[in-house]
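First, the structure itself, so that you have it in front of you.
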Amino acid sequence: MKITLLTYGSRGDVEPFIALAQGLSRAGHAVRLAAPQVFAPLVASTQVEFFGLPGDPGQLVRGLVDEAGRNQWRMVFAMGDFVLPLALEVSQIVGKAAARADLIVHSFLLTSLGYELARRQGIPDISAQLFPVFCNTTEFPAPTFPPLPLGGAYRWLTHQIVSQVFWQGSRFLYRIARSKHPVLPPLTGWPFDRRNDRQTPILYAFSPSVVPRPTDWRLDAHITGYWFPQGSEDWQPPQALLDFLAAGPKPLVVAFGSTASRRLRGLGAQLLEALALTGQRGILVGSGFSPQKLPPQVYSIPGAPYEWLFPRAAAVLHHGGAGTTGKGLQAGVPNIVLPFTSDQPFWANRVRSLGVGPRPLAPRSITVKKLAAGIEAALHDANMRERAAQIGEAIRREQGVSRAVSIIEQTTRG
């Protein structure tokens with residue numbers, strides 16, 4: 001089969017699709033991947049044909065964190081500010097990537113475009129999502145909504161609201177783009193409308209150990225397990241990092257991934273104070289929040305594969321992105337989450353409800369005392385550490401990519 005994968009966003013949005021592309025290639029399929037051009041080096045070592053999309057995903061992340069926060073309509077407009085100038089070029093490149101395909105698999109930001117291309121070409125499409133969206137349930141609220149004790153009707157309604165905000169917001173922004181570029185085709189429908197002859201199936205790339213499959217989901221909504229790419233074993237850690245790890249107890253690893261925000265500017269100093277207060281060693285991953293001068297018990301590195309680094313940590317502190325959370329849980333250590341926007345609060349609440357991390361930290365009211373309390377809980381709560389080890393072991397046993405490939409093949413045969 002000729003399969004085109006479409007994704008847009010930060011590294012955490014792209015890496016799972018690289019993993020899926022690798023799995024489909026191993027299964028004998030010809031795979032094309034359209035993703036932001038800045039991630040071309042991640043694809044270079046694979047057998048996947050790559051179509052680079054314009055734009056700086058970091059700019060999108062900054063808009064979501066600093067301007068939108070947890071407000072859904074602000075998220076839509078932040079996405080619009082980023083997407084509208086790129087709409088024509090993205091549409092043209094994605095159209096080339098999807099030409100002569102037998103199947104299109106699309107992610108969150110490219111849902112409507114992927115669906116429309118599949119309809120125009122008369123081929124099936126599949127939605128691939130990194131968080132539970134576009135499928136209603138009474139068992140937990142939608143991302144961006146708090147887990148209030150208001151019953152199943154509230155939880156069902158939150159999912160309906162998220163889907164409608166996304167769909168109506170997408171239609172509004174697309175009309176603006178089409179008024180500037182009439183060559184763009186019209187939107188014909190919503191992929192998940194129950195009135196359709198065929199609703200688009202959904203693959204969810206997270207673990208059923210983290211989010212068990214709701215009993216009231218559609219039959220064609222599948223939780224496969226995480227999609228972790230291969231290849232990080234080629235990475236060689238710097239000797240200074242190995243020396244630091246060997247020089248004392250396991251450190252707290254702090255990693256905010258692609259998060260870019262003015263709120264991170266003061267966080268580095270607070271982290272150093274919290275580490276000193278708890279007597280804990282630390283590794284800061286990324287330069288956006290790392291202070292210039294570090295004490296001997298703290299090491300800073302621009303980047304490192306989380307699947308290599310996190311298992312060597314006593315605990316990890318991160319923003320709650322879907323990819324980072326998955327790797328944090330896979331490592332089998334407690335996770336401390338400081339969520340900023342989008343689906344991050346959802347994963348922060350899942351971490352807490354699973355018993356593998358303390359209460360999420362609120363970015364707007366973060367203090368040294370709260371950071372220190374979270375670190376102490378993650379380091380010294382024996383039940384939390386045992387539960388984290390159990391969840392990590394369960395995730396490491398899963399074969400998420402293989403499961404996804406199998407479902408894709410079964411769906412297209414059907």
Side-chain angles (χ1 to χ4, degrees), residues 10-23 26 107 128-133 139-140 143 202-214 217 221-233 235 250 252-253 255 257 285 304-337 339 343-358 360 378 381-408:
S10 67
R11 180 168 180 154
D13 297 296
V14 175
E15 277 195 345
F17 279 76
I18 295 175
L20 180 60
Q22 291 173 326
R26 289 193 298 270
S107 69
Q129 304 298 339
L130 306 182
F131 54 94
V133 67
E139 296 186 14
F140 53 78
I202 309 178
L203 301 181
Y204 291 106
F206 47 77
S207 171
S209 296
V210 179
V211 182
R213 188 186 190 283
W217 263 6
H222 308 274
I223 296 177
T224 64
Y226 287 106
W227 303 346
F228 295 127
Q230 297 182 345
S232 63
E233 63 270 12
W235 182 79
K250 288 185 176 183
L252 172 77
V253 170
V285 184
Y306 291 168
E307 55 269 34
W308 185 93
L309 185 58
F310 284 2
R312 292 166 170 81
V316 294
L317 190 158
H318 57 81
H319 59 299
T324 304
T325 301
K327 291 181 180 179
L329 296 176
Q330 181 196 37
V333 299
N335 284 229
I336 309 165
V337 187
D343 59 319
Q344 295 169 9
F346 174 83
W347 295 117
N349 286 318
R350 288 306 302 161
V351 164
R352 185 189 182 197
S353 65
L354 288 168
V356 298
D381 186 321
N383 291 333
M384 184 184 298
R385 301 191 66 80
E386 181 180 359
R387 182 63 178 151
Q390 292 170 349
I391 292 291
E393 183 179 358
I395 291 173
R396 292 191 295 273
R397 285 198 303 264
E398 294 170 356
Q399 300 293 325
V401 170
S402 297
R403 174 69 175 147
V405 170
S406 176
I407 293 171
I408 288 171

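Values reported hereafter were calculated over all heavy atoms of this structure, with side chains retained and with hydrogens, waters and symmetry mates removed. All values derive from a computational prediction rather than experimental measurement.
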How many angstroms lie between CD in Gln129 and CG in Asp343, if you round to the nearest 0.5 Å? 10.0 Å
Which atom names give the shortest non-hydrogen contact between Val210 and Arg350, and what distance separates them? O-NH2, 2.7 Å
With a 4.5 Å cut-off on side-chain heavy atoms, are Arg213 and Pro208 touching?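 Pro208 vs Arg213: side chains apart.
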What do you reckon, are the aromatic ring centroids of Phe140 and Phe346 less than 6.0 Å apart? yes
From Tyr306 OH over to Arg11 CZ, what is the distance, rounded to the nearest 0.5 angstrom?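 CZ of Arg11 is found 8.5 Å from OH of Tyr306.
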List the residues meeting side-chain hydrogen bond (donor to acceptor under 3.5 Å, both in side chains) with Thr224, not counting sequence neighbours, and say none if there are none. Trp227
Would Arg385 and Asp381 count as a side chain to side chain contact (heavy atoms under 4.5 Å, CB included) if you check the C-alpha gap in whole Å, the side-chain angles of each, and the deciding distance to 0.1 Å? CA-CA 6 Å; Arg385 301 191 66 80; Asp381 186 321; 5.6 Å; no
Any donor-acceptor N/O pair, Asn335 side chain to Gly328 backbone, under 3.5 Å: yes
With sequence neighbours left out, the residues meeting side-chain hydrogen bond (donor to acceptor under 3.5 Å, both in side chains) with Ser406 are Gln410
If you count heavy atoms of other groups shown closer than 6.0 angstrom to CZ of Arg403, is the number above 12?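 Atom CZ in Arg403 is not crowded, with 12 or fewer foreign heavy atoms closer than 6.0 Å.
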pair Ile336-Pro358: side-chain heavy atoms closer than 4.5 Å: yes
Pair Lys327 + Glu15, salt bridge at N-O below 4.0 Å: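 Salt bridge flag = yes for Glu15 with Lys327.
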Ala322 and Tyr226: which non-hydrogen atoms are nearest, and at how many Å? O-CE2, 4.2 Å
Note, Glu398 side chain near Ser209 side chain (heavy atom, < 4.5 Å):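 They are in contact (side-chain heavy atoms under 4.5 Å apart), so the answer is yes.
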Over all atoms of both residues, closest heavy-atom pair of Arg396 and Ala389: NH2-O, 4.5 Å
For the pair Val285 and Leu309, evaluate side chain to side chain contact (heavy atoms under 4.5 Å, CB included) and give the outcome as yes or no after the intermediate values. CA-CA 10 Å; Val285 184; Leu309 185 58; 3.6 Å; yes
With a 4.5 Å limit on heavy-atom distance, are the side chains of His222 and Ile202 in contact?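 No - every pair of side-chain heavy atoms lies 4.5 Å or more apart.
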I need the minimum non-hydrogen distance between Tyr204 and Pro132, along with the two atoms involved.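 Tyr204 and Pro132 have their closest heavy atoms at CE2-CA, 3.7 Å.
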Give the minimum heavy-atom separation between Ala348 and Val337, together with the two atoms involved.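 What the structure gives for the nearest pair is CB-CG1, 3.5 Å.
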Would you please test Phe206 and Ile395 for side chain to side chain contact (heavy atoms under 4.5 Å, CB included) and show each step? CA-CA 9 Å; Phe206 47 77; Ile395 291 173; over 6 Å; no
Are the side chains of Phe228 and Gln330 in touch, meaning some heavy atoms are under 4.5 Å apart?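 Phe228 reaches Gln330 side chain to side chain.
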Leu20 CG to Ser107 OG distance, which is reported to the nearest 0.5 Å: 11.0 Å
Would you mind reporting whether Val253 and Leu317 have side-chain heavy atoms less than 4.5 Å apart?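 Side chain of Leu317 against side chain of Val253, heavy atoms only: no contact under 4.5 Å found.
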Is there a side-chain contact between Gln344 and Pro360, using heavy atoms and a 4.5 Å cut-off?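 No; the side chains remain at least 4.5 Å from each other.
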Atom of Ala255, atom of Thr324 and distance for their closest heavy-atom approach: O-CG2, 4.5 Å
Any side-chain to backbone donor/acceptor pair from Arg387 onto Leu354? Under 3.5 Å, distance only.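 At least one qualifying donor-acceptor pair exists.
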Go through Gln390 and Glu393 one step at a time and tell me if the side chain to side chain contact (heavy atoms under 4.5 Å, CB included) criterion holds. CA-CA 5 Å; Gln390 292 170 349; Glu393 183 179 358; 5.8 Å; no
